[in-house]
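To keep things clear, I will list the structure first and then write my remarks on it.
Just the heavy atoms: all of them, side chains too, but no hydrogens, waters or symmetry mates, feed the values below. A, B, ... follow the sequence lines: proteins, then strands. Residue 1 opens every chain.
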There are 2 protein chains.
Amino acid sequence: MKKIDILKKLRSSRLRPTKQRVEIAKFLFEREKTFHFTVESLNKLLIKKLASKIALATIYNTVHAFKTAGHLSEVEVRGNKTYFDTNVSNHHHFYDSENAELIDIDANDIVIQKIPKAPNGKKIKNVEVFINLKN
Amino acid sequence: MKKIDILKKLRSSRLRPTKQRVEIAKFLFEREKTFHFTVESLNKLLIKKLASKIALATIYNTVHAFKTAGHLSEVEVRGNKTYFDTNVSNHHHFYDSENAELIDIDANDIVIQKIPKAPNGKKIKNVEVFINLKN
DNA sequence: TTTTCACTTTAGAATAATTATAAACTAGAA
DNA sequence: TTCTAGTTTATAATTATTCTAAAGTGAAAA
């Protein structure tokens, strides 16, 4: 993803392309593969990568702004920290608890044959499959 | 579940049947239906139910001891709090985010036709399906 | 350009969930 | 009954996250 596209992405979601947002966006979206992270891990990686450091609060703000804008998705993982994913399409996850690592599974690689109907006036919003791994 | 069975359950997992553990176990396991809770909600319910109150740290200790012993399972739910479930068999969940409520789905009510194979030397430990609900 | 102001960033305080500590208590073996 | 390892408890500490309020900045308007 080019810098110009980063700027477009930010502007299209009514987020001013500040220095910090552009740097974080470049770090997150200029990748081939999807990227999974927690705010803590992202912060550490940004400290390594960037000359000037970005305030932790800004990283929280920015990640949430990106999530709200639909540029990041939040992944439910048992435990204390919140995981985010640059893959915002409908997909699933392997979770390797030994390395606290998420691995994407394409939506087409899982086919569900039978599913219960939603209870009392509710509808199904989405179905997430989470496959825990062991050695 | 009778009191005698509560005592058995505790002893069989090498947990001394202290007053607090017995009370918490009775509250959790003397039920027809499965019960979902957070430590916070359990604490509130126990305060209502019991004359003497149990220290919050003890509730954390006990819930974790029960989980380690296999009497409770932990459910992955996005968000800050940890949910527990008295249903320890293999099963799935609906999640109604509006009421922050979990609803059990029997393992037999979901059939997965196609599943990817585990990556690099890993094996599949278990598969959890999580169905988010909306109105 | 310069001005202006709503939007942002920031450091640090505040909050919330959970875990650690260490002293007092207790179940159950001897 | 005595003794001891296991347990409970109040409280402090830790961890993740959010809040606050002051200083900074993009970009529209003058």
Side-chain angles (χ1 to χ4, degrees), chain A residues 3-4 6-27 36-47 50-69 71-72 74-84 100, chain B residues 3-4 6-27 36-47 50-69 71-72 74-84 100:
Chain A
K3 170 143 193 190
I4 191 92
I6 295 280
L7 294 180
K8 264 189 205 164
K9 175 172 262 195
L10 291 176
R11 280 191 221 282
S12 71
S13 17
R14 289 192 221 81
L15 293 170
R16 284 189 187 169
T18 63
K19 187 162 152 286
Q20 293 84 344
R21 283 177 179 163
V22 172
E23 276 176 340
I24 295 173
K26 284 175 73 179
F27 186 78
H36 299 103
F37 63 94
T38 63
V39 169
E40 189 200 18
S41 71
L42 176 59
N43 185 223
K44 281 185 184 161
L45 292 168
L46 287 173
I47 287 172
L50 305 177
S52 59
K53 85 158 191 292
I54 300 177
L56 188 58
T58 301
I59 298 178
Y60 273 99
N61 288 342
T62 303
V63 165
H64 282 127
F66 287 177
K67 186 198 159 192
T68 300
H71 305 317
L72 288 174
E74 191 179 330
V75 185
E76 64 193 39
V77 177
R78 238 191 297 275
N80 37 344
K81 282 181 206 150
T82 304
Y83 281 73
F84 294 92
Chain B
K3 170 145 192 188
I4 188 92
I6 294 280
L7 294 180
K8 264 190 205 165
K9 175 172 262 196
L10 291 176
R11 281 192 220 282
S12 72
S13 17
R14 289 190 222 82
L15 294 169
R16 284 189 187 171
T18 63
K19 186 162 152 284
Q20 293 84 345
R21 283 178 179 160
V22 172
E23 276 175 340
I24 296 174
K26 284 175 72 178
F27 187 79
H36 299 104
F37 63 95
T38 64
V39 169
E40 189 199 19
S41 71
L42 176 59
N43 185 222
K44 280 185 185 160
L45 292 168
L46 287 173
I47 287 172
L50 304 176
S52 59
K53 86 156 188 296
I54 299 177
L56 188 58
T58 301
I59 297 177
Y60 274 100
N61 288 343
T62 303
V63 165
H64 281 126
F66 287 178
K67 186 199 159 193
T68 301
H71 304 317
L72 290 173
E74 192 179 330
V75 186
E76 66 193 38
V77 178
R78 239 190 296 273
N80 35 349
K81 282 179 205 152
T82 305
Y83 282 73
F84 294 92

Report the distance from atom CD1 of B/Ile54 to atom C1' of C/dC25, rounded to the nearest whole Å. 15 Å
Please check the phosphate of C/dT26 (OP1 and OP2 only) for any side-chain N or O of B/Gln20 closer than 4.0 Å. no
Separation of C/dA17 atom C1' from B/Lys44 atom NZ, nearest Å, is 13 Å
Which of A/Phe84, A/Phe66, A/Tyr83 passes ring-ring contact (aromatic ring centres under 6.0 Å, His included) with A/Phe37? It is A/Phe84
Output for pair (B/Ile47 CD1, B/Ile54 CD1), nearest 0.5 Å, gives 9.5 Å
Would you say the side chain of A/Thr38 lies within less than 4.5 Å of the side chain of A/Thr82, judging by non-hydrogen atoms? no
Between P on C/dA11 and CG on A/Asn43, what's the gap in Å once rounded to a whole number? 11 Å
Nearest heavy-atom pair of B/Glu74 and A/Arg78: which atoms, and what distance? O-NH1, 2.6 Å
Donor-acceptor contacts under 3.5 Å from residues 55-64 of chain A side chains, at least two apart:
residue : atom : partner : partner atom : Å
A/Asn61 : ND2  : A/Ala57 : O            : 3.4
A/Thr62 : OG1  : A/Thr58 : O            : 2.7
A/His64 : ND1  : A/Tyr60 : O            : 3.2

Is the distance from OP1 or OP2 of C/dT9 to the nearest side-chain N or O of A/Arg21 less than 4.0 Å? yes
Just by modelled atom types, is the B/Leu15 backbone N or O under 3.5 Å from a matching donor or acceptor in the B/Arg21 side chain? no
Determine whether a donor-acceptor pair (N or O, by modelled atom type, separation under 3.5 Å) exists between the side chain of A/Arg11 and the backbone of A/Arg16. no
Once you round it to whole Å, what is the distance between P of C/dA17 and CG of B/Asn61? 18 Å
Collect all protein-nucleotide pairs involving nucleotides 21-30 of chain D in which both atoms are nitrogen or oxygen and the distance is under 3.5 Å.
residue : atom : partner : partner atom : Å
D/dA27  : OP1  : A/Arg11 : NH1          : 2.7

Pairwise N/O distances under 3.5 Å, protein to nucleotides 18-21 of chain C:
residue : atom : partner : partner atom : Å
C/dT18  : OP1  : B/Thr82 : N            : 3.1
C/dT18  : OP1  : B/Thr82 : OG1          : 2.8
C/dT18  : OP2  : B/Tyr60 : OH           : 2.7
C/dT18  : O5'  : B/Tyr60 : OH           : 3.4

Between the protein and nucleotides 2-4 of chain C, list every N/O to N/O distance that falls short of 3.5 Å.
none

All heavy atoms of A/Pro17 vs all of A/Leu7, minimum pair found to be CB-CD2, 3.6 Å
Nearest-angstrom distance from the residue atom CZ of B/Arg78 to P of D/dT17: 14 Å
Rounded interatomic separation in angstrom, taking CG from A/Leu10 and P from C/dT9: 10 Å
Hits for ring-ring contact (aromatic ring centres under 6.0 Å, His included) against A/His71, two or more places apart or cross-chain, chain-then-number order -> none
For B/Ile59 and D/dA10, what is the distance between atoms CD1 and P respectively, to the nearest whole Å? 11 Å
Axis deviation across the helix from C/dT1-D/dA30 to C/dA30-D/dT1, five-pair ends, to the nearest 10°: 20°
Does some side-chain heavy atom of B/Phe27 sit less than 4.5 Å from a side-chain heavy atom of B/Leu46? yes
Rounded to the nearest 0.5 Å, what separation is found between the CG atom of A/Leu10 and the OG1 atom of A/Thr18? 7.5 Å
I want to check something: taking the side chain as every heavy atom from C-beta on, are A/Glu76 and B/Val77 in contact at a cut-off of under 4.5 Å? no
Give the rounded distance in Å between these two atoms: CZ of B/Arg14 and P of D/dA5. 18 Å
